[in-house]
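Below you'll find the structure, written out as structure tokens, and then a few comments.
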2 protein chains.
Amino acid sequence: MTAQERRTAVIRAAVTEFARGGYAGTTTAAIARRVGVSQPYLFRLFPDKRAIFLAAADHCTAEIRRAFERAGEGLEPRAAHDAMAEAYTGLTADRDKLMFQMQMYAAVYTAESDGDEEFAARIRAHWNELFEAVHLRLGADGRETADFLGTGMLINVLLALGFPADHPLWVACGHDHPGKRRYG
Amino acid sequence: MTAQERRTAVIRAAVTEFARGGYAGTTTAAIARRVGVSQPYLFRLFPDKRAIFLAAADHCTAEIRRAFERAGEGLEPRAAHDAMAEAYTGLTADRDKLMFQMQMYAAVYTAESDGDEEFAARIRAHWNELFEAVHLRLGADGRETADFLGTGMLINVLLALGFPADHPLWVACGHDHPGKRRYG
DNA sequence: CAACATAGTGATTGGTCAATAACTTTCTCG
DNA sequence: CGAGAAAGTTATTGACCAATCACTATGTTG
């Protein structure tokens with residue numbers, strides 16, 4: 001297996017592990033175990049743990065953005081809204097991917113608190129990417145965009161907390177079971 | 001100072017430290033330093049680190065719930081919505097308090113992943129408290145409640161990422177500066 | 001085949017951290 | 001006063017973890 005293929009495998013494993021443990025709570029050994037390589041080998045593929053997290057953030061955000069772009073392509077705001085909501089619902093089937101997003105947000109405040117401004121800026125840029133992608137397709141309507149993203153963030157929290165599908169809030173999100181239906 | 005007073009001081013310090021570092025990323029030494037006691041003394045006041053986090057969660061959630069209750073007291077759904085939104089805006093002035101909330105949500109998935117179901121259940125119960133408090137005052141309208149909480153969660157993320165007050169999303173939330181204005 | 005690159009491992013280390021144990025200080029009250 | 005309780009400390013330990021180092025194996029190519 002080439003180093004590049006391994007790097008991709010590491011990133012995928014990192015998303016899962018970081019989603020569950022957060023940045024500090026995840027060991028490089030756990031990531032290595034999931035990939036099926038020795039722990040020291042990770043440091044041949046990436047300079048350090050921080051770089052693994054950031055690479056996972058790049059990967060994960062790009063994937064979500066592409067999902068929105070594909071869904072909303074060529075549609076009018078109203079139809080784009082429904083299509084993107086549907087796309088997001090599809091993403092909730094992979095709890096790890098969305099939980100990793102939450103861990104990214106949490107990590108920004110941590111990074112800022114210990115002066116890692118570059119880290120913070122990079123995650124912020126990722127979120128802005130997502131924001132722009134949605135905003136554009138919703139006709140640059142700030143209110144609509146805020147509603148859409150707000151619902152998305154609420155879904156993230158419901159998913160984090162593991163609420164059952166019949167909870168009133170899941171129902172109110174029009175999302176009666178993770179992996180099914182749409183919201184909005 | 002009595003043990004009980006110290007415990008309260010520890011909880012306050014814990015909210016700040018956990019908000020910035022997350023559960024795993026926060027050391028008991030950091031909490032102790034902030035309180036102004038020695039690190040081992042924390043273990044006279046609480047059985048372990050986990051208990052400190054949970055106590056902070058109890059405290060923090062109760063405070064937010066009370067803010068909603070006070071704000072919405074005796075008002076009709078529409079007025080209650082505005083008053084509670086205003087109250088939440090007031091809370092954003094203390095970034096640590098809201099970031100701790102996010103860390104709580106993140107910690108649930110971690111706890112679930114390593115089988116600490118009691119921990120998960122307790123945080124879930126806290127969120128449900130908040131949900132019920134809001135839901136009731138918004139006339140038990142699921143849609144309204146989801147919108148309200150969704151906006152709240154979006155605000156949390158904007159706060160976590162440290163977006164400047166003139167970002168379109170802050171504006172769309174009707175919340176042009178942390179510590180000022182209302183949303184909704 | 002020899003030289004070199006690429007992929008990968010095992011052993012180790014220096015630092016960090018939650019938690020324990022043993023001890024000190026200060027207040028209170030019979 | 002003196003004895004006990006309550007508040008608090010210093011020193012320490014065992015476990016864990018990111019990162020380094022030295023080494024092995026497996027092609028590949030001139």
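We use all heavy atoms of the structure for the numbers below, so side chains are in, but hydrogens, waters and symmetry mates are not. Everything quoted here is computed from the prediction, not taken from an experiment. Letters go in sequence order (proteins before strands), and every chain restarts at 1.
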Ring centres under 6.0 angstrom apart (B:F100, B:F53):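 Yes, they do, as the ring centres are separated by less than 6.0 Å.
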Centres of the B:F148 and B:F68 rings: under 6.0 Å?
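Distance test on ring centres: under 6.0 Å, yes.
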### Message
So A:D94 and A:L98, do their side chains get closer than 4.5 Å, heavy atoms only?
### Response
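No, side chains not in contact.
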| message | Consider side chain to side chain contact (heavy atoms under 4.5 Å, CB included). Of A:I155, A:L158, A:L161, which one does A:L169 pass it with? | response |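 That would be A:L158.
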Going 5' to 3' through nucleotides 9-19 of chain C and flagging B where a protein heavy-atom sits under 4.0 Å of the base, S where only the sugar-phosphate is that close, and - otherwise, we get BBB-----SBB
Rounded distance in Å - [atom1] ([X]) to [atom2] ([N]):
X     : N      : atom1 : atom2 : result
A:R33 : D:dC16 : CZ    : P     : 11 Å
A:M1  : C:dA5  : CE    : P     : 24 Å
A:L45 : D:dA18 : CG    : P     : 16 Å
A:R7  : C:dT6  : CZ    : P     : 11 Å
B:E5  : D:dG8  : CD    : C1'   : 15 Å

Practice problem: Determine whether the side chains of B:Y105 and B:N156 contain a donor N or O and an acceptor N or O closer than 3.5 Å. | Solution: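 No.
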Give me the atom names and distance for the closest heavy-atom approach of A:G72 to A:R137.
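Minimum heavy-atom separation between A:G72 and A:R137: CA-CD, 4.1 Å.
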